[in-house]
Amino acid sequence: MPELPEIENIVQALQRLKGKKIEKLEILSGEVLRTSPRFLEKGLLENRFLAVRRKGKYILFQLEDSLTLVMHLGMTGQILLQQSTSFLSQGEGTRRVLDRADLPDKHTHFVIHCQESKLYYRDVRKFGFINLVRFHESDEDNYFRKIGYDPFEVKREFVISLLKNRKARIKPLLLSQKPLAGLGNIYVDETLFKAGIHPKHKTSRLSRARLGHFFDVMRLVLEEAIEKGGSSIDDYVRPDGSYGSFQNFHQVYGREGKPCPRCGALIRKIRLGGRGTSFCPRCQR
DNA sequence: GCCACTGTTAGCAT
DNA sequence: CATGCTAACAGTGG
């Protein structure tokens with residue numbers, strides 16, 4: 001599942017696109033498009049990448065002419081970068097199913113051909129999407145009105161008051177992307193465990209000190225996950241086809257029935273807001 | 001072969 | 001507005 005750390009890794013790998021010109025487009029399935037194929041062709045062809053960045057789980061490709069290509073990977077989306085004829089890393093860490101020669105396969109919806117590289121957009125479940133928008137002035141803020149702040153663009157004190165003013169249970173609130181954008185199921189469970197907070201706890205009822213502690217732990221968990229290349233559970237791979245390794249460091253996610261690494265109590269799994277939720281009943285209150 | 005399960009966002013209900 | 005529930009989808013595993 002691509003969440004903030006996975007998207008951050010992808011964005012870092014995509015930095016090499018900067019300055020390159022788009023020479024050809026292949027739209028293999030229109031289902032993931034949030035705009036017309038005509039507008040995409042017109043806006044992208046012969047255009048150049050100025051910058052690639054991230055907001056929450058959204059990937060933003062800034063182009064000339066105030067155009068921004070917006071990509072979201074949903075649950076199973078992948079971006080794969082091919083340099084001329086070979087992928088950046090061969091063999092090690094690559095998946096059988098994604099054997100580079102196979103691309104584009106039936107789950108590849110979109111291909112961008114650049115000078116010396118191709119970008120493949122794959123998404124098995126098609127929950128992801130691609131859009132092309134023209135941003136002027138505050139248009140970007142307007143476009144992202146529905147999502148909250150990126151955890152790395154806000155200060156500790158601000159986040160404390162942000163959460164202090166919400167009445168919802170902390171886990172569904174964080175998954176909503178409203179106050180903060182970027183955490184998904186894995187990193188919410190991992191952060192709440194390390195912060196010692198029960199996923200059903202209402203944020204307004206947590207002390208400012210505990211909310212501050214939550215913020216510190218969240219930053220640490222995300223930074224460590226980014227540094228470890230993200231979590232490769234089902235589909236996630238980096239654009240060069242390699243795996244992340246943070247899944248090997250998960251404390252609670254996917255560990256139900258196993259002993260808590262801190263106190264030895266058995267990790268429980270419940271349903272919360274329709275989502276699987278793993279936590280330690282003794283450490284998280 | 002069937003069915004439950006996986007978890008993201010959008011959209012609708014409360 | 002704030003919060004909660006469910007549909008959309010395709011593959012996997014029991």
Side-chain angles (χ1 to χ4, degrees), chain A residues 1-8 10 28-35 54-60 70-79 95-98 102 104-110 121-131 133 142-151 161-192 199-206 225 230-237 244 246-247 250 252-257 267-279:
Chain A
M1 297 17 90
E3 304 178 26
L4 189 152
E6 288 76 28
I7 301 300
E8 178 61 30
I10 292 170
L28 304 169
S29 149
E31 287 176 74
V32 296
L33 301 186
R34 291 272 170 99
T35 183
R54 176 186 72 67
K55 172 144 178 109
K57 306 177 197 173
Y58 289 77
I59 302 170
L60 308 176
V70 180
M71 287 191 189
H72 195 289
L73 301 183
M75 286 183 56
T76 54
Q78 298 174 327
I79 288 176
R95 288 197 133 186
R96 180 75 196 85
V97 64
L98 284 179
D102 297 348
D105 64 356
K106 69 167 174 168
H107 298 298
T108 307
H109 308 300
F110 195 67
Y121 178 96
R122 278 185 94 243
D123 187 3
V124 170
R125 290 179 69 180
K126 293 184 280 201
F127 286 1
F129 47 86
I130 295 173
N131 203 354
V133 283
N142 201 38
Y143 185 88
F144 290 107
R145 201 171 59 253
K146 54 182 194 260
I147 71 166
Y149 298 93
D150 191 276
S161 25
L162 214 54
L163 298 177
K164 195 72 189 158
N165 291 324
R166 298 295 207 116
K167 291 205 216 15
R169 297 166 300 181
I170 190 163
K171 167 141 181 177
L173 181 66
L174 291 170
L175 289 181
S176 78
Q177 309 295 300
K178 286 270 172 50
L180 291 174
L183 301 192
N185 216 23
I186 296 172
Y187 296 101
V188 168
D189 280 4
E190 291 300 311
T191 299
L192 291 180
K200 282 186 177 173
H201 211 114
K202 295 193 169 44
T203 51
S204 56
R205 302 188 54 172
L206 284 161
S231 304
S232 290
I233 304 279
D234 290 321
D235 301 87
Y236 171 70
V237 286
F246 194 67
Q247 67 280 4
H250 291 172
V252 288
Y253 182 88
R255 295 196 64 251
E256 56 270 23
I267 300 297
R268 283 194 47 190
K269 184 166 179 178
I270 58 171
R271 250 152 141 107
L272 190 45
R275 316 284 291 280
T277 299
S278 303
F279 69 105

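When reading the values below, keep in mind they use all heavy atoms of this one structure, side chains included, and skip hydrogens, waters and symmetry mates. Chain identifiers are assigned alphabetically (A, B, ...) following the order of the sequence lines, protein sequences preceding nucleic acid strands; residue numbering begins at 1 within each chain.
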Tell me the interatomic distance from [X], atom [atom1], to [N], atom [atom2], rounded to whole angstroms.
X        : N      : atom1 : atom2 : result
A/Arg166 : C/dG4  : CZ    : P     : 10 Å
A/Lys146 : C/dA2  : NZ    : P     : 16 Å
A/Gln177 : B/dG11 : CD    : P     : 16 Å
A/Arg125 : C/dA8  : CZ    : C1'   : 9 Å
A/Leu272 : B/dC5  : CG    : C1'   : 17 Å
A/Asp123 : C/dA10 : CG    : C1'   : 10 Å
A/Leu175 : C/dC5  : CG    : C1'   : 14 Å
A/Leu173 : C/dC5  : CG    : P     : 14 Å

> In terms of side-chain heavy atoms of A/Pro172, which of C/dG4, B/dT9, B/dT6 is nearest?
Replying inline: C/dG4
> When you measure from the side chain of A/Arg169, which nucleotide among C/dC5, C/dG11, B/dA10 comes out closest?
Replying inline: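 Taking heavy atoms from C-beta onward, the closest nucleotide is C/dC5.
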> Do we get A/Lys146 above A/Tyr143's six-membered ring, with its NZ or CZ under 6.0 Å from the centre and within 45° of the axis?
Replying inline: yes
Quick check on [N]: is either OP1 or OP2 less than 4.0 Å from any side-chain nitrogen or oxygen of [X]?
X        : N      : answer
A/Arg271 : C/dT6  : no
A/Lys167 : C/dA2  : no
A/Lys269 : B/dC5  : no
A/Lys178 : B/dA10 : no

> For DNA chain B, whose closest nucleotide is more 5', that of A/Met75 or that of A/Ile147?
Replying inline: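 Its nearest nucleotide lies further toward 5', so the answer is A/Met75.
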>> Would you measure the distance from the P atom in C/dC9 across to the matching atom in B/dG1 and give it in whole Å?
In response: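 Rounded to whole Å, the distance is 22 Å.
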>> If you apply the rule salt bridge (charged side-chain N to carboxylate O under 4.0 Å, His left out), what do you find for A/Arg54 with A/Asp150, and how did you get there?
In response: CA-CA 9 Å; A/Arg54 176 186 72 67; A/Asp150 191 276; 2.6 Å; yes
> With a non-hydrogen cut-off below 4.0 angstrom, is A/Lys202 in contact with a base, only sugar-phosphate, or nothing?
Replying inline: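 Since no nucleic acid heavy atom lies under 4.0 Å of A/Lys202, the category is nothing.
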> Base, sugar-phosphate, or nothing for A/Gly274, non-hydrogen atoms under 4.0 angstrom?
Replying inline: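 Since no nucleic acid heavy atom lies under 4.0 Å of A/Gly274, the category is nothing.
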>> I need the minimum non-hydrogen distance between A/Lys269 and A/Gly276, along with the two atoms involved.
In response: CE-CA, 3.8 Å
>> To the nearest 0.5 Å, what is the distance between OH on A/Tyr187 and CD on A/Glu3?
In response: 6.0 Å
> So what's B/dT6 paired with, Watson-Crick or G-U wobble, going by both distances under 3.5 Å?
Replying inline: C/dA10
> Is there a donor-acceptor pair under 3.5 Å between the side chain of A/Glu190 and the backbone N or O of A/His250?
Replying inline: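 Flag not set: sc A/Glu190 to bb A/His250 has no pair under 3.5 Å.
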> If each of A/Asn165 and A/His107 is mapped to the nucleotide of DNA chain C with the nearest heavy atom, which maps nearer the 5' terminus, i.e. the 5' end?
Replying inline: A/Asn165
